[in-house]
Amino acid sequence: MAWRKIACSKTELDLGVTLICGQSFRWKETAPGEWTGVLKNLVWNLKQSDDLLFYKTLEESPAASSDLTQEDILKDYFQLHVNLSKLYEQWSSDDPNFKSKASSFRGVRILRQDPVENLFSFICSSNNNISRISGMVERMCEEFGTSLGEYEGLHHYSFPSIESLAKGSVEQKLRKLGFGYRAKYINQSARFIMENHSEHWLHNLRKLPYNEAKSELMKLCGVGAKVADCVCLMSLDKNDVVPVDTHVWQIAQKYLPSLRSSKTITPQVYNAVGNHFRELWGEYAGWAHSVSLHRIVYNF
DNA sequence: AATGGACCTCT
DNA sequence: GAGGTCCAT
């Protein structure tokens, strides 16, 4: 199948960074400058030039998956309607640190992910690192997802349904797959959602204001403030949310000396840090956070 | 409301 | 000890 293309500047989207920086854990660089992953139950291949985004899929969109064209699916996933260059200008003028340390890392965007994949992937993220999380998510999809076919020797699977993660045997199976104590969190959260809500409940949280969506998420086992914020930002359209991890906290302490007295991230500290960056960076603060705080990048 | 320890597995 | 959460003080 031939490559198709969308006009898209590399300064608006840097595929390599955006796909593997710890938002989604399912994209692989299958050839230099070429990434393969699953989106909307299709296997995609992506690459880019300075001003074009190229894509192809293993199959045409199944009829069931609707009126969205593949171009629409990608535009939505990468949120291409958001003018990133303009945001970089705003963050640079509002924050000298952003300007000097982060503004040259162009094209880092927040993906608009599926809330189910986003939630269950991030339940895996506690005390963990990107490469191990990626392996865990892959094994979870292989075990509980459905096959989407083979592409260049690699098998691909859908992300498991909540229903499939709610079954009784899931915790034990996940433990065998190396999930450790997170196995229970995943199974219990899935079960809680199926018993109290439905498969679509997570999607519908998009309609709620940030605070309500967050507190709903935090009722789930294994979902604290940080994971809930990641889900709000990365799949529930809460663009101004800044998830506070230990790294963000360390940096914030340099700007908010009052926080230094605290030994750990208490709820109060958590909110103070989040609010600080939200006020500093504005409506798309969570996006600025993804640019500045991606490990390698920000070294104050 | 804040603190300390435990939790799986891997580095 | 780790990009976090839970549970007990």
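Below, each value reflects all heavy atoms present in this structure, side chains not excepted, and no hydrogens, waters or symmetry copies. Labels below follow one simple rule: chain letters A, B, ... track the order of the sequence lines, proteins then strands, and each chain is numbered from 1.
Backbone-only contact: R175(A) has heavy atoms under 4.0 Å from sugar-phosphate atoms and none from a base. Counting non-hydrogen atoms under 4.0 angstrom, A183(A) reaches nothing in the nucleic acid. Nucleic acid contact for I133(A): none, since no nucleic acid atom lies under 4.0 Å from a heavy atom of the residue.
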Item checked: Chi angles and distances behind the salt bridge (Lys or Arg N to Asp or Glu O under 4.0 Å) call for D237(A), R112(A) -> CA-CA 7 Å; D237(A) 301 333; R112(A) 187 169 194 250; 2.7 Å; yes
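Here dC8(B) sits opposite no nucleotide as a Watson-Crick or G-U wobble pair (both hydrogen-bonding atom distances under 3.5 Å). Across all strands shown, dG3(C) forms no Watson-Crick or G-U wobble pair with both distances under 3.5 Å.
Across K28(A), R26(A), H156(A), a single residue satisfies side chain to side chain donor-acceptor pair (under 3.5 Å) together with E138(A), and that is K28(A).
Ion pairing of E143(A) with R139(A) is absent here, as no side-chain N (NZ or NE/NH1/NH2) approaches a carboxylate O to less than 4.0 Å. A salt bridge does not link R106(A) to D14(A): none of the charged nitrogens lies less than 4.0 Å from a carboxylate oxygen.
A donor-acceptor contact under 3.5 angstrom links the side-chain atoms of Y181(A) to the base of dG4(C). Counting distance only, with no hydrogens placed and no angle test, the side-chain atoms of R132(A) and the base atoms of dC10(B) include no donor-acceptor pair under 3.5 Å. Looking at N127(A), its side chain comes within 3.5 Å of the base of dG4(C) through a donor and an acceptor atom.
Of the residues near DNA chain C, C221(A) and N128(A), the one whose nearest nucleotide (by heavy atom distance) lies more toward the 5' end is N128(A). Nucleotides of DNA chain B nearest to Y185(A) and V269(A) differ in position, and the one nearer the 5' end is that of V269(A).
Considering only side-chain atoms of S262(A), the nucleotide from dG3(C), dA1(B), dT3(B) that sits closest is dT3(B).
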